[in-house]
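What follows is a single structure, written as structure tokens, with notes after it.
Protein chains get the first letters and strands the later ones, always in sequence-line order, with residue 1 at the start of each. Excluded from the calculations below are hydrogen atoms, water molecules and symmetry mates; all remaining heavy atoms, backbone and side chain alike, are included.
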Amino acid sequence: MTGQFLLSLISGIFIGGVAGFLGSLMLSKRMALAAGPLGHLALPGIALALIYGFDISLGAFPFVILGVVLIWFLERKTRLPMEALTAVVFATGVAIAFFFLPIDQAEAALVGDISKIQLNEAIYSVILCALIFIICQKIYPSITLINVSEDLAKARKIDVKKYNLIYLLLVALIVALGVKIVGGLLTAAIVAIPAASSRNLAKNLAQYKLLSLSFGAISAAVGISLSKGTTLPAGPLIIVFSAFIFLISMIFQRGK
Amino acid sequence: MKNTILKVKNLNVELEGEKILEELSFEVEEGEVLAILGPNGAGKTVLLKTLLSLLPYQGEIEWKEGVEIGYVPQRLPFIKDVPLSVKEFFDLGKIPINETKGILKSIGLKEGILKKKIGDLSSGQFQRILIGWALSSKPKVLLFDEPLTGIDIGGQETVYNLLEKLRKENNLTILFVTHELSIVYSLADRIICLNKRMLCSGVPKEILTPERISDLYSGQVKFYQHRHLDDGTVSP
């Protein structure tokens, strides 16, 4: 087991786990797919990072923030359905990226490449993941209440706008980190699939949170390990294994 | 002695360019049960939400100082999107477990329900949980949106009884919105008839003449005057 492999494995487990955890909140907010357009919107940033040789999460982040601001703005100012925004943003992000995405590195941009992660990148990824986890855990009850009923939350004097903003910033961060392991195309999957599997099985909120986190982390670990043994890219392997867990969760859901 | 807990004066609410409530003025006394009656789209729910400061408004809404308000919403359509046990639902309101247990007792539910998933409750149980949740902030006033919607007849009876009991035990002031006349007769001290504007207000027996109800609902509902029998049942 090489040091490089360990680095990518640890970073993958942290990012995958925290993405699954945050995904559980996004799913109950009926926003699980929002990570999709955000990831796609990040593609031009990823392309720039690949051209100029800097960290792709760093390239992705400003674009994701732009997307978050868009969502935040549209949620407040218009009643435009999320699908409309998704359709516009999805396509625009991909289209722009293809103007200047170096074609030999397209795979890393589209489906991620965690195998060459540098030590410093791994360290800040792990630290950021820990931070996202702690903040997410802290805002979890209030956001859940907001998801259940904004009116109830407001009647309890919870500052809905503030919590939504913090939550969206966390989403932006996890998408920017997520593109490292699954690229711009697949980010929706690392937040949505573990949470969906978890919801099939969970009897309560505590289980839902724990299973979302675990499924995310396990999928990342298995995907990265399988990639080491084969020549297949880790990102798609992570998603396929995650979908496999989802299938199994469907079978067990029936017996419930 | 009059002890006013809520004063509403010239209340106007406009949402997305549409006038929902116009020039409402009324007062509520402490310990009173006020029914807000009106057809669908009359602005009943909007009135409750406005009283909770959830919506923007013009005019005056003046609650007695420091009064705590509990809110029981009509439905929570999204709650089944979250796997949530009853205990965890109370946890979301940061309600200590001992208090939760006390509340369960007062709303007539056993502690065993704490482990149940919210999605698996009957509509009557869920309604009571929502009432319990609203009670956890130890309110002096309860705002209640459509207490009987989606609850079967047996369940409706227990919701009445529960509200009556809570009112006596806690000296609650209750404002509830409904389009069901039966609960108005059995529970309300006073009525406001609403259809964007205030159409009438007063004591149920005096106000609710068949003509007036027909005006209010434009012939949408049939009118029965419920008569309470000695054995506690209600006959049409």
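- Chain A forms more heavy-atom pairs under 4.5 Å with one residue of B:Leu76, B:Leu52, B:Leu143 than with any other, namely B:Leu76.
- Around CD of B:Gln58, the count of heavy atoms belonging to other residues, nucleotides or ligands within 6.0 Å does not exceed 12.
- Counted within 6.0 Å of NZ on B:Lys165, heavy atoms from surrounding residues, nucleotides or ligands total more than 12; the atom is thus considered enclosed.
- The structure places OG1 of A:Thr144 at 7.5 Å from CG of B:Leu84, a figure rounded to the nearest 0.5 Å.
- Contacts between B:Lys116 and chain A at a heavy-atom distance below 4.5 Å are absent for every atom of the residue.
- Side-chain contact between A:Arg199 and B:Pro83 is present, with heavy atoms from C-beta onward closer than 4.5 Å.
- The shortest non-hydrogen separation linking A:Ser28 to B:Asp81 is CB-O, 4.1 Å.
- With a 4.5 angstrom heavy-atom cutoff, A:Ser142 touches chain B only via side-chain atoms.
- Here the closest heavy-atom approach between residue B:Phe78 and residue A:Asn147 is recorded as CB-O, 3.6 Å.
- Annotation: side chain of A:Arg156 is in contact with side chain of B:Ser136 (closest heavy-atom distance under 4.5 Å).
- Rounding to the nearest 0.5 Å gives a distance of 9.0 Å between CG of B:Asp91 and CG of A:Leu205.
- When the shell of 6.0 Å around CZ of B:Phe90 is examined, it contains more than 12 heavy atoms from other residues, nucleotides or ligands.
- Residue contact with chain B, scored on non-hydrogen atoms closer than 4.5 Å, involves the backbone and the side chain of A:Ala206 alike.
- Taken from CG in B:Leu92 to CG in A:Leu145, the straight-line distance is 5.5 Å, to the nearest 0.5 Å.
- With rounding to the nearest 0.5 Å, the separation of CD1 in B:Ile118 from CG in A:Asn204 is 11.5 Å.
- The distance from atom OH of B:Tyr71 to atom OG of A:Ser149, rounded to the nearest 0.5 Å, is 6.5 Å.
- Counted within 6.0 Å of NZ on A:Lys154, heavy atoms from surrounding residues, nucleotides or ligands total more than 12; the atom is thus considered enclosed.
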